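Working notes, beginning with the structure itself.
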Amino acid sequence: MKINKCFANLAQSYLFVDIARKVDAYKTAHPEADIIRLGIGDVTRPLVPPVVDAMVKASEEMGRAETFRGYEDELGYPFLREAIAGYYAQKGVKLALDEIFVSDGAKSDTGNILDLFEQDNTVLIPDPVFPAYVDANMMSCRPIEYINANKENGFLPLPNPGQKADIIYICSPNNPTGASYTKAQLAQWVDYANSMGAVILYDAAYEAFVQTPGAPRSIYEVPGAETCAIEICSLSKTAGFTGTRCGYTIVPKALRPEGADLNAMWRRRQTTKYNGLPYVVQRAAQAVFSPAGMAACQENIAYYRQNAGVISAALTEAGVWHTGGVDSPYIWLECPGGLDSWAFFDRLLGEAGIVGTPGVGFGRNGEGYFRLTAFGDAARTAEAATRLKDFLKAL
Ligand SMILES: *Cc1c(COP(=O)(O)O)cnc(C)c1O
C-alpha cells in the first residue's frame, strides 16, 4: 500500500479557520460588538417560489408508484438539458443536448474533469484564485504555473505567448476579484489555447451576474472556443442552489485535441464514477430556467447587485481603488494606507465591526487586497457601508 504523497504538498487551508478564530476572540473581548459579516461566499436569499413548487411536485411524484423514478440517465434528464440548451440559445450559443452534462455542482467538475488529462500536463492558474483549482491539481502532483493578476492588468491577466500551458483555468466573472473579461480579452485566451493545443477550463459560476451590455456570459460567445474550451457552470449563485446542488458542464463535440473525443471521454468518466443528480433537484433546476424562475432569480441577483453598489459607492467616496461589484457579487479592494491584508482585516473588525476576507488567502498577488461580498442582508450591508466610510476617513 502506498498513499498518495501529493497530499503532503497541499498547503493547509487555514483562511476561514483563522478568520473564525479572530472573530471569536474579538467577540469574547467585546461581547456588545455588533459585527457585520461581509466575508461570506454563500448566498442568503431563499429559493424562489417556482423552484420550490417544482420540488414539491417532483417529491410527490416520487411517492407514487406510477410516477416514481429510479436510476436514470447519468448525464441529466432531457427536460433539464433542453432547458439549459434554451438558456444558451438566448446567449446566441447553440448546443446539442449531448454536449451538456448535468452534475452536482461546479466545484466537483472543476476537479473531476482532470481525469481526462495526463498527469504531466502543465496547468496555468491565475493568482489570486478560487483555491479549489490549485488543490485539485496538487492532489495529483500536476505541475502548476501561475499567471499574475494584479492592479496593473486590472486583475484580468492576458496570455503570454511565450509561456507554455496545456490546461488553463479561467473564472470570469472572477471569485475572488469580481473582475470579468470582455469578449475581446477572452478571444486572446481562445486564440492562445487553440494555437498551443491547450484546453481552457472556463468557470462561469457567476455568469448570471453579468449585466454590462455586450459582456460575455459564456466562453462560447467567442468564435473558436468550441475547439479549445470546456465550460463549467452552476446554479449555486444563479439560483441560490449552494445547498440544493446542481451544476452543468459543456464539452463541445468540436473539442478534439490530438483527435481525442473529449465529449465521449467525459461521458465515459461520468457514467463510470457518477450516477446522476436527484430527480427532484433536476425538476427544481428546470424551473430556474422557466421564464418565471429566471425573473425571480434575477430579482435576487438584483438584490445582491444593489448591495454591491452600496459597498462600491462607499469605497469610491473614500477614494479606495477597487474592482468588481458590477458584473459580480464580489468587491476586491486595495487596502489603503499600505496595510497588508491581515492588518486591514484586524483594523476593519476592531474599528468598524466588519468581517471581510484577506486577499492574501487567495494567493500571493492577493497580499495588500481584501474581498467584500454582496451576499448579505441589504439593511446590514447599508449599515456596513456607512461604517466603512467613517472607518476609511479616520484611517
Ligand atoms: C461558488 C463557486 C462555484 C460553485 O460551486 P458549486 O460546487 O456549484 O456550488 C464555482 N466556482 C467558483 C469560483 C465559485 O465561487
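In each ligand, atom 1 is the first atom listed, and ligand 1 is the first ligand listed. These figures come from a predicted structure and were not determined experimentally.
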Identify whether the distance between the nearest side-chain nitrogen and carboxylate oxygen of [X] and [Y] falls below 4.0 Å.
X      : Y      : value
Asp261 : Lys253 : no
Arg217 : Glu221 : no
Arg81  : Glu99  : no
Arg283 : Asp53  : no

Before we go on, tell me: are the rings of [X] and [Y] under 6.0 Å apart, centre to centre?
X      : Y      : value
Trp332 : Phe370 : no
Tyr206 : Tyr330 : yes
Tyr369 : Phe344 : no

Considering only protein heavy atoms, which is closest to [atom], and at what distance to one decimal place?
atom                    : value
atom 2 (C) of ligand 1  : Lys237 NZ, 2.5 Å
atom 7 (O) of ligand 1  : Arg245 NH2, 2.7 Å
atom 15 (O) of ligand 1 : Tyr206 OH, 2.6 Å

Subject >> Distance (rounded to the nearest 0.5 Å) between Tyr274 OH and Ser108 OG >> reply: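 Atom-to-atom, Tyr274:OH and Ser108:OG are 7.0 Å apart.
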**OP:** With heavy atoms under 4.0 Å as the rule, classify the contact between Ser236 and ligand 1 as side chain, backbone, both or neither.
**Re:** side chain
Subject >> Polar proximity ligand 1 side, Asn175 side, N/O cut 3.5 Å exclusive >> reply: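 It does: an N or O of Asn175 is found under 3.5 Å from an N or O of ligand 1.
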Original post:
Does Ser108 reach ligand 1 with a nitrogen or oxygen that is under 3.5 Å from one of the ligand's nitrogen or oxygen atoms?
Top reply: no
Near [X], which atoms of ligand 1 are under 4.0 Å from a heavy atom of that residue?
X      : answer
Gly105 : 7 (O), 8 (O)
Cys171 : 13 (C)
Lys107 : 5 (O), 6 (P), 7 (O)
Ala205 : 3 (C), 10 (C), 11 (N)
Ser234 : 4 (C), 6 (P), 8 (O)

Original post:
Relative to atom 12 (C) of ligand 1, which among Leu235, Asp109, Asp203, Thr238 owns the nearest non-hydrogen atom?
Top reply: Asp203
